[in-house]
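This report concerns only the one structure given below.
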Amino acid sequence: MIHPQTPLVLHGYFRSSASYRVRIALNLKGLDYDPVEVSLIAGEQRSDAFLEQNAQGFVPMLVAGDDVIIQSMAIIDWIDRSYPEPRLIPDDPMPRAVALAQANVIACDIHPLNNLRVLKYLTKDLGLNEQTKDRWYQHWIIEGFEALEAMAGEGRYLGGDAPGIADCCLVPQMYNARRFDVPLDAYPRLVAIDAACMEVDAFQRAHPDAAKPA
Ligand SMILES: N[C@@H](CCC(=O)N[C@@H](CS)C(=O)NCC(=O)O)C(=O)O
């Protein structure tokens with residue numbers, strides 16, 4: 001178990017949904033951390049200093065004492081193993097598989113197709129206009145949300161009675177969906193779960209509007 005006093009520093013960007021997931025997880029655990037804003041717009045994730053710690057050049061990156069952890073799902077798993085209460089990823093094999101499958105619909109099958117470098121490639125390298133790029137963006141959310149709506153259980157949260165790793169992924173993805181005008185009427189379970197999460201202080205404090213530097 002990690003020492004409770006180990007300082008945690010989260011390198012992220014207020015609007016990055018992968019960073020948003022980790023902010024939620026840290027807040028749900030009641031952990032204090034120092035946020036370091038990495039401006040993706042200014043390209044700070046590509047600076048030599050950042051690449052030295054994170055060869056992939058992505059946010060989020062969590063620094064815990066002398067350790068550097070990258071990839072939001074690995075970071076949430078590390079947090080969950082280091083600070084076990086409340087659990088974000090169940091221990092039992094079947095609930096664990098369900099939670100990770102729900103989370104991965106977003107983390108593996110929606111988000112990577114829509115992140116900044118993909119959108120830049122579509123517009124700058126392949127010459128897509130803004131309207132076509134937005135259609136691309138919406139398409140992958142709609143396809144993923146159709147599946148996730150069917151996979152959502154009866155609980156207040158995707159995690160059941162308490163928020164879990166899939167809720168950490170859902171709320172930022174809903175934020176992105178709204179930013180890109182994806183109609184959400186077809187996903188009443190996801191809308192209700194998102195609303196339930198947003199009643200929880202840990203989710204409210206992680207919102208991009210709260211994380212945005214002054
Ligand atoms: N699979 C990674 C994805 C991280 C990712 O895509 N981060 C985006 C922001 S949400 C980023 O840093 N983009 C920088 C870029 O595309 O240059 C994770 O879950 O951490």
Side-chain angles (χ1 to χ4, degrees), residues 8-29 33 35-64 67-82 88-89 99-126 128 130 133-134 136-141 144-145 148 158 164-180 182 203 206-213:
L8 300 175
V9 181
L10 178 63
H11 298 251
Y13 180 61
F14 75 101
R15 229 180 222 156
S16 142
S17 55
S19 305
Y20 189 0
R21 291 172 197 158
V22 174
R23 292 196 298 268
I24 296 167
L26 288 164
N27 291 346
L28 285 169
K29 297 284 184 180
Y33 64 93
V36 173
E37 187 74 355
V38 179
S39 170
L40 300 188
I41 301 302
E44 288 174 3
Q45 74 279 20
R46 298 261 148 224
S47 71
D48 289 346
F50 192 79
L51 288 172
E52 209 168 283
Q53 283 189 292
N54 176 358
Q56 216 183 3
F58 286 162
V59 294
M61 171 173 80
L62 186 71
V63 180
D67 293 320
V68 175
I69 308 144
I70 63 165
Q71 286 286 344
S72 62
M73 305 304 277
I75 296 171
I76 294 173
D77 182 56
W78 179 89
I79 293 168
D80 206 39
R81 286 182 167 256
S82 303
L88 300 178
I89 310 173
L100 291 175
Q102 291 173 334
N104 284 339
V105 169
I106 293 169
C108 299
D109 298 334
I110 298 178
H111 179 262
L113 291 159
N114 283 351
N115 74 11
L116 187 62
R117 76 190 206 291
V118 172
L119 301 182
K120 270 191 187 160
Y121 184 70
L122 290 175
T123 51
K124 295 212 162 73
D125 295 67
L126 300 184
L128 262 62
E130 284 298 307
K133 181 204 76 181
D134 287 355
W136 165 280
Y137 195 101
Q138 292 164 350
H139 174 82
W140 300 113
I141 295 181
F145 275 6
L148 195 57
L158 284 173
I165 188 168
D167 299 282
C168 295
C169 294
L170 175 67
V171 167
Q173 193 60 61
M174 293 290 273
Y175 170 81
N176 285 349
R178 291 190 177 100
R179 270 188 73 207
F180 281 80
V182 176
F203 285 83
H207 191 279
D209 291 347
K212 191 175 178 173

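Just follow the structure's listing: the first ligand is 1, and inside any ligand the first atom is 1.
- We find that K120 and D125 are not joined by a salt bridge, their nearest charged nitrogen and carboxylate oxygen being 4.0 Å or further apart.
- The 12-atom threshold is not exceeded at OH of Y121, counting heavy atoms of other residues, nucleotides or ligands nearer than 6.0 Å.
- Contact check for F50 versus E44: no side-chain heavy atoms found under the 4.5 Å cut-off.
- Between I79 and L26 there is a side-chain heavy-atom pair separated by less than 4.5 Å.
- Annotation: salt bridge (Lys or Arg N to Asp or Glu O under 4.0 Å) contacts of R179 (sequence neighbours excluded): none.
- Contacts of ligand 1 (protein heavy-atom distance under 4.0 Å) are S16, S17, A18, R21, L40, Q45, F58, V59, P60, Q71, S72, H111, N115, L116, R117.
- Taking the six-membered ring where tryptophan is involved, the planes of Y137 and F180 are essentially parallel, since the angle between them stays under 30° and well short of 60°.
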